[in-house]
Amino acid sequence: MNAKPPTPPDDITDRLESGFGFGKVILLGEHAVVYGQPAIAAGITTGIQAVTTKGTGRISVPAWNLETNITADTPVARAVAAIFTTLGAQKLDVTCDAQIPAGSGLGSSAALSVAITRAISNYSNAPVALQAKAIIAAESIFHDTPSGIDAAAASQGGLGVFSRATGWKPLASSRGFELCVGLTGVSRQTATIVQAVKQLCDRTPVARRVIDSLGDVTRTGFDAVAMGDIDTLGRLFDVAHGLLCALRVSSPELDAMVHMARGAGALGAKLTGAGGGGAVIALAPGHSARVLATWKQAGFQGFVTTVGGPAKA
Ligand code: PMV
């Protein structure tokens, strides 16, 4: 029997509450993770902060020029409505400070879902399992059948290995490393690209083997990350980008940014997330500023984030 969601009493909703969802980068294993292979990802501190107050279901994300209400028939409105329903929330307004663009391969929808779920859960001390249910309900509206990696990274933060079978497991690394994150500025629908990969694999069985190869690349990456072997990790980024190109999920902008990063001294670079637009990551110790400057000169925004490092006590 399903437990009735806790209902926050009206007087409690007089409080202002907030919650944070991490943005995410997939280091290795996007798309293959949909087929059961492992992926290495990191929840990054560039994410989304949600604030909830007493209201009428208004949803506001100024950075995305988004103003709507949970009664509207749009993916964001339906996803937030699903969170409200799962958590038994009512009479609240939500305002989000989004530091990551929508549809950019950095897990914006999962970060939004996690941030809003956490803010609302503060009113009723919703159990973690119910929060997870709310996040999955929202992610299923955004992405049809997500592997779950975005929701896991957005909730957990830090470096981790994710697979459909085992969920998220934190991955320790002997040292942190700087990642350059570059934005093509082209937004796209993850579900459409995942569907295109499925069609390619169905019609061209040899393409299905590319998925298995991506899994092998990720498994090779476990040790490289754990030992802080960034030379190997950089080369694995390059191999992964080549395999993702074979799955036809790259784009002219992504390829250009990857080549620019390599030219500016990166050890390796690849698209991150679903592709088709969105973002790239580059590993360029000592050259991060040069990579960002090169992208900027070509009209692309970017930032540097640090992932990994010894576990905090
Ligand atoms: O583009 P994003 O941030 O939605 O990342 C999607 C990652 C995929 O592996 C392509 C899809 C998934 O559900 O895992």
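What you see below is based on every heavy atom in this structure, not just the backbone, and it leaves out hydrogens, waters and symmetry mates. Predicted, not measured: the structure shown is a model, and the values here were computed from it. Order of appearance sets the numbers: ligands from 1, and atoms from 1 within every ligand.
- If you chain together hydrophobic residues whose side chains sit under 4.5 Å apart, Val239 and Leu247 fall into the same group.
- Residue, atom and distance of the protein heavy atom nearest to atom 9 (O) of ligand 1 are His31 N, 3.0 Å.
- Both Leu106 and Leu283 sit in one connected hydrophobic cluster of ILVMFWY residues. Membership requires side-chain heavy atoms under 4.5 Å apart, directly or through other members.
- Of all atoms in ligand 1, numbered sequentially from 1 with element shown, those under 4.0 Å from a heavy atom of Pro146 are 13 (O).
- Partner Leu271 forms a side chain to side chain contact (heavy atoms under 4.5 Å, CB included) with one of Thr184, Leu254, Asp255, Ile281 and no other, that one being Leu254.
- At a threshold of 4.5 Å between side-chain heavy atoms, the hydrophobic network of Ile, Leu, Val, Met, Phe, Trp and Tyr places Ile116 and Trp64 in one connected group.
- Every atom of ligand 1 with a heavy atom of Ile149 under 4.0 Å away is listed here by number and element: 14 (O).
- Below 4.0 Å from some heavy atom of Gly105 lie the following atoms of ligand 1, by number and element: 1 (O), 3 (O).
- The closest protein non-hydrogen atom to atom 6 (C) of ligand 1 is Thr190 CG2, 3.7 Å.
- Close approach of ligand 1 to Ala274 (heavy-atom distance below 4.0 Å) involves ligand atoms 1 (O), 2 (P), 5 (O), 6 (C), 10 (C).
- Taking every non-hydrogen atom of Asp150 and a distance limit under 4.0 Å, the qualifying atoms of ligand 1 come out as 2 (P), 3 (O), 4 (O), 5 (O).
- In this structure, Gly278 falls outside the shell of residues with a heavy atom less than 4.0 angstrom from ligand 1.
- Counting heavy atoms from C-beta on, the side chains of Trp168 and Ser155 never come closer than 4.5 Å.
- With rounding to the nearest 0.5 Å, the separation of CD in Gln90 from NZ in Lys54 is 11.0 Å.
- Any N or O atom pair closer than 3.5 Å counts here, and Ile26 shares no such pair with ligand 1.
- Neither the backbone nor the side chain of Ile193 comes within contact range of ligand 1; no heavy atom lies under 4.0 Å.
- Annotation: the span from Phe303 atom CZ to Leu183 atom CG amounts to 6.0 Å, rounded to 0.5 Å.
- Atoms of ligand 1 lying under 4.0 Å from at least one heavy atom of Gly107, given by number and element, are 3 (O).
- Each ring-ring contact (aromatic ring centres under 6.0 Å, His included) pair with one or both residues in residues 19-48, not counting sequence neighbours, appears once here: Phe20-Phe22.
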May I have the step-by-step check of side-chain contact (heavy atoms from CB on, under 4.5 Å) for Val225 and Val307, ending in yes or no? CA-CA 10 Å; Val225 170; Val307 300; over 6 Å; no
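- Listed by number with element, the atoms of ligand 1 under 4.0 Å from a non-hydrogen atom of Val33 are 9 (O), 14 (O).
- The shortest heavy-atom contact between Gly308 and Ser173 is CA-OG, 3.4 Å.
- Ligand-side atoms of ligand 1 in range of Val34: 9 (O), 11 (C), 12 (C), 14 (O), range being under 4.0 angstrom from any heavy atom.
- Among all protein heavy atoms, the one lying closest to atom 5 (O) of ligand 1 is Lys24 NZ, 3.5 Å.
- Scanning all protein heavy atoms for the shortest distance to atom 14 (O) of ligand 1 gives Ser147 OG, 2.5 Å.
- Looking at Arg188, Glu30, Gln189, Glu139, it is Arg188 that brings a heavy atom closest to atom 1 (O) of ligand 1.
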